[in-house]
Amino acid sequence: MKIATWNVNSLKVRLPHVLDWLAAGNADVLALQETKLTDEAFPVAAIQEAGFHCLYSGQKTYNGVAIIARSEPADPLTDIAGLDDPQRRILAATVNGVRVINLYVVNGSEVGSEKYGYKLGWLEKVTAFIAEEMQRHEKLVVVGDFNIAPEDRDVHDPEAWHERILCSTPEREALKKIQALGLSDCFRLFDQPEQSFSWWDYRAAGFRRNLGLRIDLILSSPALTQQCTRCTIDVEPRRLERPSDHAPVVAEFAL
DNA sequence: ATGGTTGTTAAACAA
C-alpha cells in the first residue's frame with residue numbers, strides 16, 4: 001500500500017499532473033494540500049473517472065485539503081476540538097484500516113509574527129488531536145505539508161535559514177512533540193541521498209540549483225513503522241511545465 | 001542586496 005502526500009499549489013492548475021501521476025500507479029492514497037478550491041469546484045468527476053474516490057475540505061483562494069484513494073475512505077473529519085478555525089487545513093479519514101490524517105500546517109510567514117503565533121497554537125491543538133486519534137487507531141499516518149524542516153540536514157543552507165521560518169527552534173520542538181507521540185518520520189527510516197528536499201522556491205531557480213527544504217512528511221504509528229518498506233521523494237513532477245513548488249512524497253507499507 | 005516567481009484575483013496577498 002502506497003501512501004503519498006503532495007502540496008499541489010492549486011488543484012485547478014495541477015489536476016493534469018495529479019491524474020497522470022496517479023495513472024502511473026504512484027499511490028493508493030494521495031493526500032493533497034493547497035487545493036485552493038471550494039468544495040463545489042472540486043473535480044470529483046475527473047478523479048472518479050480515473051478510478052479513485054475522494055474527500056475534500058476546501059475554501060476559496062487559500063488552503064484546502066483532500067484525500068484521493070482507490071478504496072472508499074470512511075469516517076471523515078475536518079474540524080477538531082478546541083480549534084474553531086475557518087481555514088481548511090485538516091482532513092482525516094480511514095482507508096483500508098489505516099487512519100490517514102492530512103495536514104496543511106500553517107506557514108507562519110515570519111518568526112515572531114502574528115501568523116507565527118497562530119502556527120504554534122495551531123500545532124498545539126493538532127498535537128492533542130493526533131494523540132486522541134492514536135488511542136483509537138493503531139495503524140495511523142500523519143501526512144502533509146508540515147511547513148517545518150525537521151533538522152539542518154533537511155535544509156540546503158542551514159546557516160542562511162538559521163532560526164528563520166520553517167526552521168526555527170520552537171517549530172522544530174512542536175514537530176518533535178508530535179513525533180514523541182510515537183510517530184516516525186518514514187523518510188528517515190531508510191538511507192537517503194544527501195540534499196533530499198520536497199520544496200523549492202519558484203524564485204531564483206531554486207529547483208535547478210536544488211536550493212530546497214524537506215518540509216513534506218509522512219509520520220507513521222509504531223504498527224505501521226514496522227511495515228514501512230520504502231519512502232521516497234518523487235522529484236519528477238517538479239520538472240514538468242508549470243509544476244507545483246512541492247514534490248510528492250511516497251511511503252510504501254507491507255499491507 | 002529583503003531581491004526572485006507563481007496562484008488567485010483584480011492591487012494586493014500568500015507562499
Side-chain angles (χ1 to χ4, degrees), chain A residues 5-21 30-43 46 56-66 83 85-91 102-123 126 143-150 154-168 170-172 174-175 197-217 233-249:
Chain A
T5 180
W6 193 359
N7 179 323
V8 290
N9 184 24
S10 169
L11 185 57
K12 183 181 175 185
V13 174
R14 234 64 68 189
L15 183 62
H17 290 188
V18 171
L19 293 175
D20 287 350
W21 195 78
L30 172 59
L32 301 178
Q33 303 86 37
E34 282 205 273
T35 56
K36 299 186 178 180
L37 291 174
T38 60
D39 292 347
E40 293 72 27
F42 198 86
Y56 36 88
S57 178
Q59 66 183 86
K60 195 177 163 69
T61 311
Y62 302 116
N63 309 310
V65 284
L83 188 69
D85 191 352
Q87 299 195 21
R88 300 293 84 194
R89 299 178 173 277
I90 301 171
L91 179 60
N102 178 17
L103 301 180
Y104 174 46
V105 174
V106 179
N107 174 286
S109 187
E110 281 182 50
V111 173
S113 68
E114 188 179 333
K115 287 175 183 171
Y116 183 74
Y118 166 55
K119 180 178 195 172
L120 295 178
W122 189 94
L123 283 164
V126 168
V143 310
D145 176 358
F146 281 71
N147 269 319
I148 302 170
D154 302 309
V155 180
H156 70 90
D157 186 345
E159 276 187 41
W161 283 86
H162 181 69
E163 294 300 338
R164 285 183 51 197
I165 196 67
L166 315 183
C167 298
S168 74
E171 291 167 88
R172 286 178 170 173
L175 176 58
F197 308 123
S198 65
W199 169 83
W200 303 261
D201 201 308
Y202 283 124
R203 298 166 292 187
F207 181 66
R208 182 177 59 72
R209 300 156 70 196
N210 198 29
L211 307 181
L213 303 181
R214 190 175 70 92
I215 56 178
D216 299 274
L217 309 177
I233 300 169
D234 184 0
V235 299
E236 292 309 315
R238 189 64 173 77
R239 302 187 202 281
L240 301 173
E241 292 269 321
R242 276 192 106 183
S244 168
D245 46 351
H246 294 250
V249 182

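Just so it is clear, the model here is predicted, and its values are computed rather than measured.
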Keeping [X] on the side-chain end and [Y] on the backbone end, is there a donor-acceptor pair under 3.5 Å?
X	Y	value
A:Tyr202	A:Asp245	yes
A:Arg172	A:Ala149	yes
A:Arg164	A:Val111	no

Plane angle bin for A:Phe42 and A:Tyr56 - parallel if under 30°, tilted between 30 and 60°, otherwise perpendicular: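 Rings of A:Tyr56 and A:Phe42: parallel, as their planes differ by under 30°.
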B/S/- contact track for nucleotides 6-15 of chain B, protein heavy atom under 4.0 Å: SSSS----SB
Span that lies between the [atom1] atom of [M] and that of [N], in whole angstrom:
N	M	atom1	result
B:dT9	B:dA14	P	14 Å
B:dC13	B:dG3	P	14 Å
B:dA12	B:dA1	P	27 Å

A:Leu211 CG - B:dG3 P separation (whole Å):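 Distance check: A:Leu211 CG to B:dG3 P gives 18 Å.
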Side chain to side chain donor-acceptor pair (under 3.5 Å) involving A:Glu159 - partner list, sequence neighbours excluded: none
Any side-chain heavy-atom pair of A:Lys119 and A:Leu166 under 4.5 Å: yes
